[in-house]
**Student:** 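Dropping the structure in here first, questions after.
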Amino acid sequence: MIFIRYEKWRSYLRYYPVTCALILANVVMFIVLSLNGGSTNLYTLVKYGATVNVGPEKDELWRYAAAMFLHNGFAHLFFNSFSLLVFAPPLERLMGWWRYALLYLGGGFIANLLGVVSHGTVEIGIVSVGASGAIYAVYGAFLYIALFQRAMMDEGSRKTLYGLLVMGIIMSFATPYINYMAHIGGLIAGFFIYGLIIRVFKRNRR
């Protein structure tokens, strides 16, 4: 089972530096938000990089990257960071740190972009933050592996992934104030980005 973490903290930090850096960035930005108006304050979120579907902020591309590291409340931060902590490490180990970082950031950017575009006809402003789109890009890469590189994932891990995706998609639609299009967009983006990366940037495996 690749989704069970056996590593001690020192080994975890050594094996998964990008995942650790991403979690740290989430925590640091949460502290910054908390000290400057609060992580649930919409004006603070917009100031520090939340995506917005209306106004001039819609065209500010930096927001589609910055929003990945902002979270609306501690529970939002906790669950996204926990998902990163548990589920992302096998992909970093498999792809190598910079390929993994490219997939995470690229998938998250596309997810946030699609999340804004899908609300483009809504007149009321929608503010969106969170690492969920990028995390779903990681899930999308695992889905590619489960479907087309089956020898690289055991049966138990495949079942866990499928269950996680089914529950995640259901909750994305059933839970209020969730940007479901960012989740779906991240999943699709991660699936195709992974397929592209393994063809363009081949890695020698032991």
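Residue numbers run from 1 in the order of the sequence given. Please read all numbers here as calculations on a predicted model, not as lab measurements.
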**Student:** For Arg158 and Arg150, which heavy atoms make the closest approach, and how far apart are they?
**Tutor:** NH1-O, 3.1 Å

**Student:** Do Leu143 and Tyr194 come within less than 4.5 Å of each other through their side chains, counting heavy atoms only?
**Tutor:**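 Side-chain contact under 4.5 Å: no.
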
**Student:** Please confirm whether Phe87 and Phe142 have ring centers closer than 6.0 angstrom.
**Tutor:** no

**Student:** Provide the closest heavy-atom pair for Leu103 versus Ala141 in the form atom of the first, atom of the second, distance.
**Tutor:** CD1-CB, 3.9 Å

**Student:** Scan Val46, Asn179, Leu70 and name whichever one has a side-chain contact (heavy atoms from CB on, under 4.5 Å) with Val129.
**Tutor:**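 Result for side-chain contact (heavy atoms from CB on, under 4.5 Å) with Val129: Leu70.
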
**Student:** Answer yes or no: is there a donor N or O on one side and an acceptor on the other, between the side chain of Ser157 and the main chain of Ile2, under 3.5 Å?
**Tutor:**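 Yes: the side chain of Ser157 pairs with the backbone of Ile2.
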
**Student:** Return the minimal non-hydrogen interatomic distance between Met181 and Gly115, and the atom names on each side.
**Tutor:** CB-CA, 4.3 Å

**Student:** For residues Val18 and Ala101, report the shortest heavy-atom separation together with the two atoms involved.
**Tutor:**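 In this case the closest contact between Val18 and Ala101 is CG1-CB, 4.1 Å.
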
**Student:** Would you check if Asn26 and Phe30 make a side-chain contact, meaning some heavy-atom pair closer than 4.5 Å?
**Tutor:** no

**Student:** On a heavy-atom basis, which atom in Ala111 and which in Ala182 lie closest, and how many Å separate them?
**Tutor:**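 What the structure gives for the nearest pair is CB-O, 3.2 Å.
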
**Student:** Once salt bridge (charged side-chain N to carboxylate O under 4.0 Å, His left out) is applied, do any residues pair with Arg14, and if so which ones, sequence neighbours excluded?
**Tutor:**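 Partners of Arg14 by the salt bridge (charged side-chain N to carboxylate O under 4.0 Å, His left out) criterion come out as none, since no residue qualifies.
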
**Student:** Side-chain heavy atoms nearer than 4.5 Å, only ILVMFWY residues, links allowed to pass through others: does that put Met68 and Leu77 together?
**Tutor:** no

**Student:** Heavy-atom distance under 4.5 Å between the side chains of Val28 and Phe69, does that happen here?
**Tutor:**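 No; the side chains remain at least 4.5 Å from each other.
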
**Student:** What is the distance from atom NZ of Lys58 to atom CG of Asn53, rounded to the nearest 0.5 Å?
**Tutor:**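 The CG atom of Asn53 is 7.0 Å from NZ of Lys58, to the nearest 0.5 Å.
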
**Student:** From Trp98 CH2 over to Ile197 CD1, what is the distance, rounded to the nearest 0.5 angstrom?
**Tutor:**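 The distance works out to 7.5 Å.
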
**Student:** Rounded to the nearest 0.5 Å, how far does CE of Met153 lie from OH of Tyr144?
**Tutor:** 13.0 Å

**Student:** Can you tell if the side chain of Cys20 reaches within under 4.5 Å of the side chain of Tyr12, non-hydrogen atoms only?
**Tutor:** yes

**Student:** If you define the side chain from C-beta out and look only at heavy atoms, does anything of Asn72 sit under 4.5 Å from Val127?
**Tutor:** no

**Student:** Measuring centre to centre across the rings, with the benzene-like ring taken for any Trp, is Tyr136 within less than 6.0 Å of His183?
**Tutor:** yes

**Student:** According to a hydrophobic-cluster definition based on side-chain heavy atoms being under 4.5 Å apart (Ile, Leu, Val, Met, Phe, Trp, Tyr only), do Leu42 and Ile178 belong together?
**Tutor:** no

**Student:** If we count only N and O atoms by modelled type, under 3.5 Å, do the side chains of Tyr104 and Thr19 hold a donor and an acceptor together?
**Tutor:** no

